[in-house]
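Below, chains carry the letters A, B, ... as their sequence lines are ordered, and counting in each starts from 1. Excluded from the calculations below are hydrogen atoms, water molecules and symmetry mates; all remaining heavy atoms, backbone and side chain alike, are included.
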There are 2 protein chains.
Amino acid sequence: MLSHYKAFASRRRDPATKREAVLQTAAHLFLEKSYSRTSMNDVAERLNITKPALYHYFRNKEEILLECYRLGTTLIEEILNDIASHCGTGLEKVEAFVYSYANVMTVNFGRCVMRLDEGDLSSDALADLRNYKRKIDRRLRSFIQEGIEDGSVAPCDAKIAAFCIAGAVNWICQWYEPEGALSAEEIATQFARTLTQGLARRPRKES
Amino acid sequence: MLSHYKAFASRRRDPATKREAVLQTAAHLFLEKSYSRTSMNDVAERLNITKPALYHYFRNKEEILLECYRLGTTLIEEILNDIASHCGTGLEKVEAFVYSYANVMTVNFGRCVMRLDEGDLSSDALADLRNYKRKIDRRLRSFIQEGIEDGSVAPCDAKIAAFCIAGAVNWICQWYEPEGALSAEEIATQFARTLTQGLARRPRKES
DNA sequence: CTGATATCTTACCCATGGGTAAGATAAATT
DNA sequence: AATTTATCTTACCCATGGGTAAGATATCAG
């Protein structure tokens, strides 16, 4: 956990890195204590400055939050595009999705997207975020549907299956600790395996 | 969605049903808007009374929240006990857990346990809740471990597998809508199947 | 070195919301 | 019917926290 208070050690004019320091610190606190329980004073204190100084870098508190969501959704967008170009069976796409998405859920801004309370957003931003989440869901569902059609996925309700998988990976941002015992890599690998192959031992062809 | 404002239509002394009306209304709002965004005024308004009247039935706002958690954890406790007595393979216990737990996550007070922000609790209550959540995790993990030992579950890291399954079922309370298209029954059934058997088509012995 | 400008601080405003004091009113009790 | 008592309301207190006004100070350009 880097400390970004050094960015404000001097009054040297360097808005870009100072803005970044504010953003990182705020995101960290939002994930730790939630957005609403993090006051602008809390953010300022961590950076060894006072509250009004923050308003040189962000118009208001929500603008910081929006930036967190923006960076997070960009990360997700990248993996979705990767997978779309990634040719293979529906099941392979689902597996790739789980693996990549699980990794994103262990990165700070990625965690923000699913961990922070969307209800803290203004109605416009909330509508946008909801649309984006629906888009992710549609994508995952289409991978599953593809799999059912090409025979790689067992027949099932794609909608429910998508919720099932999305839940497993989205929940990661609720319990994952960057300094914890489990690495993002091992989590992603086993999630991909468990969700596609199931918990039960397969009768033939052990992997 | 029942309206409980009728409970306060008359001043007849009936504290039990009035307290229940407050609790149900509050739980409903907590799930809809979150605890912190629900003011005591909001609760009172729904019941056609004024804020101070609420304090005849609950000492403070947090006492309402605690009651929500208490009722929810009781529901979970019941299913855990049922499964423990339910003899069978580890896999069968996991399957039973997923099925029952998914159902609980569609009931209002059950949803409260995993959907409401635990950070809104006082430190004592928070510690209790965290302990209880750890207990659930240990139980699920032990079912999986049992399965690995009796051969019904494929070898894997029980800790990660437990997080995977818990995530899928806990997430239900984030998207489930009581008046929605999907019934609790079909969700629970397919979740139990998908999480144990996996998304991939099984090579032999189709179910 | 000097003036201009970005940066940051002190002191404040005000809306929100949990909670309470004190009194009004209706229901139960006698 | 009178009185007690639970119930509920009006009016208020106060802590928290987002945001701003106005001024101080350090940095940079010339």
Side-chain angles (χ1 to χ4, degrees), chain A residues 4-23 25-27 29-30 32-68 116-117 119-123 125, chain B residues 4-23 25-27 29-30 32-68 116-117 119-123 125:
Chain A
H4 292 92
Y5 75 98
K6 286 173 187 166
F8 289 88
S10 116
R11 272 196 179 177
R12 188 172 44 259
R13 296 172 190 179
D14 189 357
T17 57
K18 290 188 177 184
R19 188 184 152 104
E20 180 68 17
V22 171
L23 184 64
T25 304
L29 288 168
F30 292 169
E32 189 178 301
K33 305 203 301 176
S34 88
Y35 175 76
S36 61
R37 275 186 297 273
T38 300
S39 71
M40 290 296 265
N41 262 323
D42 291 337
V43 178
E45 206 172 344
R46 281 270 174 115
L47 293 166
N48 265 89
I49 54 175
T50 57
K51 178 174 63 169
L54 297 173
Y55 289 85
H56 279 263
Y57 304 99
F58 290 91
R59 292 226 309 274
N60 50 45
K61 193 185 177 189
E62 195 189 357
E63 199 176 79
I64 306 180
L65 182 60
L66 287 174
E67 190 81 357
C68 291
L116 299 186
D117 183 353
D120 287 322
L121 290 168
S122 64
S123 54
Chain B
H4 292 92
Y5 75 98
K6 285 174 187 163
F8 289 87
S10 117
R11 272 197 179 178
R12 187 172 47 257
R13 296 173 191 181
D14 189 356
T17 58
K18 290 189 178 185
R19 188 185 151 101
E20 180 69 15
V22 171
L23 183 64
T25 304
L29 287 168
F30 293 168
E32 189 178 300
K33 304 205 300 176
S34 88
Y35 175 76
S36 61
R37 275 186 297 273
T38 300
S39 72
M40 291 296 266
N41 261 324
D42 291 337
V43 178
E45 206 171 345
R46 280 272 173 112
L47 294 166
N48 265 88
I49 54 175
T50 57
K51 179 174 63 169
L54 297 174
Y55 289 84
H56 279 262
Y57 305 99
F58 291 91
R59 291 227 310 276
N60 49 44
K61 193 184 176 189
E62 194 187 0
E63 199 175 81
I64 305 180
L65 182 59
L66 287 173
E67 189 82 358
C68 290
L116 299 186
D117 184 353
D120 286 323
L121 290 168
S122 65
S123 55

Results of side-chain hydrogen bond (donor to acceptor under 3.5 Å, both in side chains) for A/Asn41 - residues two or more places apart only: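 If we apply the side-chain hydrogen bond (donor to acceptor under 3.5 Å, both in side chains) test to A/Asn41, skipping adjacent residues, there are no hits.
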side-chain hydrogen bond (donor to acceptor under 3.5 Å, both in side chains) partners for B/Glu45, two or more places apart: none
Rounded distance in Å - [atom1] ([X]) to [atom2] ([N]):
| X | N | atom1 | atom2 | result |
| --- | --- | --- | --- | --- |
| B/Phe58 | C/dT20 | CZ | C1' | 19 Å |
| B/Leu47 | D/dT7 | CG | C1' | 14 Å |
| A/Ile49 | C/dT10 | CD1 | P | 12 Å |
| A/Asp14 | D/dT27 | CG | C1' | 13 Å |
| B/His56 | D/dT5 | NE2 | P | 16 Å |
| A/Leu54 | C/dT7 | CG | P | 14 Å |
| B/Tyr55 | D/dT9 | OH | P | 14 Å |

A/Thr17 versus A/Ala7, closest heavy-atom pair with distance: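 That closest heavy-atom pairing would be O-CB, 4.4 Å.
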Over all atoms of both residues, closest heavy-atom pair of B/Leu47 and B/Ala21: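 So the minimum-distance heavy-atom pair works out to CD2-O, 4.0 Å.
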Side-chain N or O of B/Lys18 closer than 4.0 Å to phosphate OP1/OP2 of D/dC8: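 Affirmative; the distance criterion is met.
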Any B/Tyr57 side-chain nitrogen or oxygen under 4.0 Å from OP1 or OP2 of D/dC8: yes
For A/Asn60, all residues meeting side-chain contact (heavy atoms from CB on, under 4.5 Å), sequence neighbours excluded: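 Checked A/Asn60 against side-chain contact (heavy atoms from CB on, under 4.5 Å); matches are A/Glu62, A/Glu63.
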First of B/Glu62 and A/Ala53 reached from the 5' end of DNA chain C, by closest nucleotide: A/Ala53
Angle between terminal axes - the helix from C/dA4-D/dT27 to C/dT30-D/dA1, 5 pairs each end, rounded to 10°: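 That helix has its two terminal axes inclined by roughly 0°.
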Single hit among A/Val22, A/Leu54, A/Val43 for side chain to side chain contact (heavy atoms under 4.5 Å, CB included) with A/Ile64: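 Answer to the side chain to side chain contact (heavy atoms under 4.5 Å, CB included) test with A/Ile64 among A/Val22, A/Leu54, A/Val43: A/Val22.
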Heavy-atom protein contacts under 4.0 Å, nucleotides 24-30 of chain C, coded B base, S sugar-phosphate only, - none: -BSBS--
Pairs where residues 32-67 of chain B contributes a residue and the test ring-ring contact (aromatic ring centres under 6.0 Å, His included) is met, not counting sequence neighbours: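 Sorted pair list: B/Phe8-B/Tyr57, B/Phe30-B/Tyr35.
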Under 3.5 Å, which protein N or O atoms sit close to an N or O of nucleotides 12-17 of chain D? Give each pair with its distance.
none

Salt bridge (charged side-chain N to carboxylate O under 4.0 Å, His left out): pairs with one or both residues in residues 4-15 of chain A, sequence neighbours excluded: none
Under 3.5 Å donor-acceptor, A/Lys61 side chain and A/Thr38 backbone: yes
Residue pair A/Ser36, A/Asp117: steps toward the side-chain contact (heavy atoms from CB on, under 4.5 Å) verdict: CA-CA 9 Å; A/Ser36 61; A/Asp117 183 353; over 6 Å; no
Any residue meeting salt bridge (Lys or Arg N to Asp or Glu O under 4.0 Å) with B/Asp42, in chain and number order, not counting sequence neighbours: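 B/Asp42 satisfies salt bridge (Lys or Arg N to Asp or Glu O under 4.0 Å) with B/Lys33 only.
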Sugar-phosphate, base or nothing in reach of A/Phe8, heavy atoms under 4.0 Å: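 Sugar-phosphate contact only.
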